[in-house]
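Single-structure report; data block below.
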Amino acid sequence: MIEKIENLEYNEIIALNVDDESSGSRADKILSEALESYSRSFIQNLFSDGLVTVKKKQISKSFKPKTGDVIEFTVPEPVSLSLEPENIPLEIVFEDEHLLVVNKPRGMVVHPAPGNYSGTLVNALLWHCKGNLSGINGVARPGIVHRIDKDTSGLLLVAKDDVAHISLSEQIKAHTLDREYRAVIHGHLKELNGVVDAPIGRSATDRKKMCVTQKNSKNAVTHYEVLEEYKNFSFIKLKLETGRTHQIRVHMSHLGHPVAGDPVYGPKNGVNSLNGQCLHAGVLGFVHPVTKEFIRVESPLPEYFVNFIEGIKKQ
């Protein structure tokens with residue numbers, strides 16, 4: 001099976017190894033499977049711009065590579081980035097003139113990325129806030145204080161002005177912003193309560209993955225508590241002390257108990273019916289940047305999460 005790639009960085013060189021299952025398929029079909037969250041036009045443009053190669057030779061979209069071939073392409077720089085407001089429904093759980101908290105649905109990308117400039121949370125926020133968002137993170141990520149993965153559901157903080165953005169970012173940096181998650185993981189943890197204190201950095205062998213490593217890494221701390229145990233799974237609560245990319249998913253996999261449905265860090269024979277990891281950002285607690293009031297908001301478990309738990313209870 002061809003490896004899936006979630007996030008692309010501009011000017012990054014991507015290499016896809018063609019296995020027996022993909023051998024003989026059209027090159028554009030292979031890229032579409034690997035880049036399933038990216039638009040068809042983005043993939044077609046890679047070929048038309050001559051960016052896709054095998055053995056350093058440019059290939060067409062109809063080229064059929066063989067087992068052992070490596071398809072390479074360079075992620076192009078954007079010609080220009082003009083984000084359009086889009087009237088996409090949002091679930092707002094808190095809002096005032098300085099900030100808002102959004103309950104992001106699973107499957108929604110937070111901010112635009114190569115080949116994915118519409119349908120994102122940012123596009124929806126630009127419509128909802130009429131462009132009144134902090135500009136600290138630049139044109140591509142207005143208002144975004146922190147992120148959660150596309151297939152993680154739950155609460156996100158959004159700043160409407162730079163003062164709020166700076167205050168909330170400082171709370172994250174000082175580890176005073178409360179972030180609690182709920183997850184279903186494979187198997188049973190040895191301890192019902194624990195702390196994972198293990199640094200996270202980019203994998204040296206697979207660019208789309210993060211991993212626990214001492215090399216070029218940042219400290220990462222996750223607290224966990226087992227809420228319920230089932231035959232083959234556990235329902236747990238997690239609290240982030242730091243906020244590294246894929247932190248919960250990496251730490252749980254590091255313990256040998258990956259998040260159920262995780263297509264990147266989970267087992268190859270994992271829970272495909274979930275179409276993504278069973279992970280929900282359920283609680284946010286923070287000091288309001290202006291009023292200094294402590295605000296705590298909660299999001300109940302979404303339907304996909306509840307249905308999965310009900311199913312594994314019957315096993």
Side-chain angles (χ1 to χ4, degrees), residues 1-19 33-38 70-75 106 109-111 113-114 146-152 154 172-173 175 179-191 194-224 226 233-234 236-272 274-281:
M1 180 180 293
I2 201 73
E3 62 180 305
K4 307 293 184 183
I5 297 178
E6 293 184 347
N7 300 302
L8 297 176
E9 301 290 341
Y10 299 125
N11 294 320
E12 184 178 18
I13 298 176
I14 307 299
L16 297 172
N17 296 306
V18 179
D19 57 15
E33 291 176 355
L35 306 173
E36 60 184 8
S37 62
Y38 292 86
V70 178
I71 301 175
E72 293 187 330
F73 67 91
T74 301
V75 182
R106 179 187 196 182
V109 175
V110 172
H111 60 76
H146 64 112
R147 293 175 289 165
I148 56 179
D149 299 330
K150 172 189 172 184
D151 290 325
T152 297
I172 292 176
K173 187 176 181 179
H175 312 313
R179 285 174 290 176
E180 287 186 12
Y181 288 71
R182 302 293 185 270
V184 176
I185 60 171
H186 287 270
H188 301 149
L189 291 156
K190 293 181 180 179
E191 304 291 338
V195 179
V196 187
D197 186 349
I200 291 176
R202 181 74 60 181
S203 169
T205 57
D206 189 340
R207 53 78 44 201
K208 76 178 187 297
K209 286 187 177 183
M210 307 300 287
C211 66
V212 170
T213 177
Q214 297 295 328
K215 186 176 181 180
N216 298 322
S217 60
K218 295 181 179 180
N219 71 300
V221 181
T222 305
H223 301 257
Y224 68 83
V226 177
F233 298 91
S234 298
I236 65 173
K237 176 173 72 175
L238 303 113
K239 185 172 182 179
L240 291 182
E241 191 171 311
T242 55
R244 309 306 174 203
T245 301
H246 298 173
Q247 180 172 318
I248 289 174
R249 299 164 64 189
V250 172
H251 274 173
M252 290 301 101
S253 179
H254 177 66
L255 293 182
H257 300 282
V259 177
D262 193 328
V264 178
Y265 303 100
K268 291 184 178 180
N269 58 343
V271 188
N272 296 325
L274 274 168
N275 297 314
Q277 60 271 6
C278 197
L279 181 61
H280 179 67

note = In terms of heavy-atom contacts, Gly201 and Ser217 come closest through N-CB, 3.9 Å
inquiry  = Before you tell me yes or no, could you show the steps for Ile172 and His146 under side chain to side chain contact (heavy atoms under 4.5 Å, CB included), namely the whole-Å CA-CA distance, both residues' side-chain angles and the distance that decides it to 0.1 Å?
reply    = CA-CA 9 Å; Ile172 292 176; His146 64 112; 4.0 Å; yes
query = Met210 versus Arg202: any side-chain heavy-atom pair under 4.5 Å?
reply = yes
query = Do Val221 and His175 have side chains that get closer than 4.5 Å, going by heavy atoms?
reply = no
ask   = So, do Val196 and Met252 sit near enough that their side-chain heavy atoms are less than 4.5 Å apart?
value = yes
inquiry  = Using a 3.5 Å distance criterion without hydrogens, assess whether the side chain of His246 forms a donor-acceptor pair with backbone atoms of Lys209.
reply    = no
message = Once rounded to the nearest 0.5 Å, what's the spacing between atom OG1 of Thr222 and atom CZ of Arg179?
response = 10.0 Å
task = Check Val271 against Ala260 and note the closest heavy-atom contact, atom names and distance.
result = CG2-CB, 4.4 Å
task = Specify the closest pair of heavy atoms between His280 and Gly154, including all atoms of both residues, with the distance to one decimal.
result = CE1-CA, 3.6 Å
query = CD1 of Ile14 to CD1 of Ile71: how many Å apart, nearest 0.5 Å?
reply = 12.5 Å
ask   = Any side-chain heavy atom of Asp151 sitting closer than 4.5 Å to one from Asn275?
value = no
key: Shortest non-hydrogen contact between Ala281 and Thr152, atoms and distance   = N-CG2, 4.5 Å
ask   = Do the side chains of Val259 and Tyr181 get nearer than 4.5 Å, heavy atoms only?
value = no
key: Spatial distance of atom NE2 (His188) from atom NE2 (His257) [nearest 0.5 Å]   = 9.0 Å
ask   = How many angstroms lie between OG1 in Thr213 and CD1 in Ile200, if you round to the nearest 0.5 Å?
value = 10.5 Å
task = Can you sort out the partners of Val70 under side-chain contact (heavy atoms from CB on, under 4.5 Å), two or more places apart, ordered by chain and number?
result = Ala15, Asn17, Glu72
note = Closest non-hydrogen atoms of Val195 and Tyr224, given as atom of the first, atom of the second and distance, are N-CE2, 3.9 Å
Pairwise distance CD(Gln247) to CG(Leu238) - rounded to 0.5 angstrom = 9.5 Å
task = Would you name the heavy atoms of Arg244 and Ala220 that are closest together and state the gap between them?
result = CG-CB, 3.7 Å
message = Please check: side-chain N/O of Ser253 versus main-chain N/O of Pro258, any donor-acceptor pairing under 3.5 Å?
response = no
inquiry  = In the structure I gave you, are the side-chain heavy atoms of Tyr265 and His254 within less than 4.5 Å of one another anywhere?
reply    = no
request  = For the residue pair His186 and Pro267, establish whether any side-chain heavy-atom pair is separated by less than 4.5 Å.
outcome  = yes
Pairwise distance CG(Leu279) to CG(Leu274) - rounded to 0.5 angstrom = 11.5 Å
query = Does the Gln277 side chain pair with the main chain of Pro263, one donor and one acceptor, at a distance under 3.5 Å?
reply = no
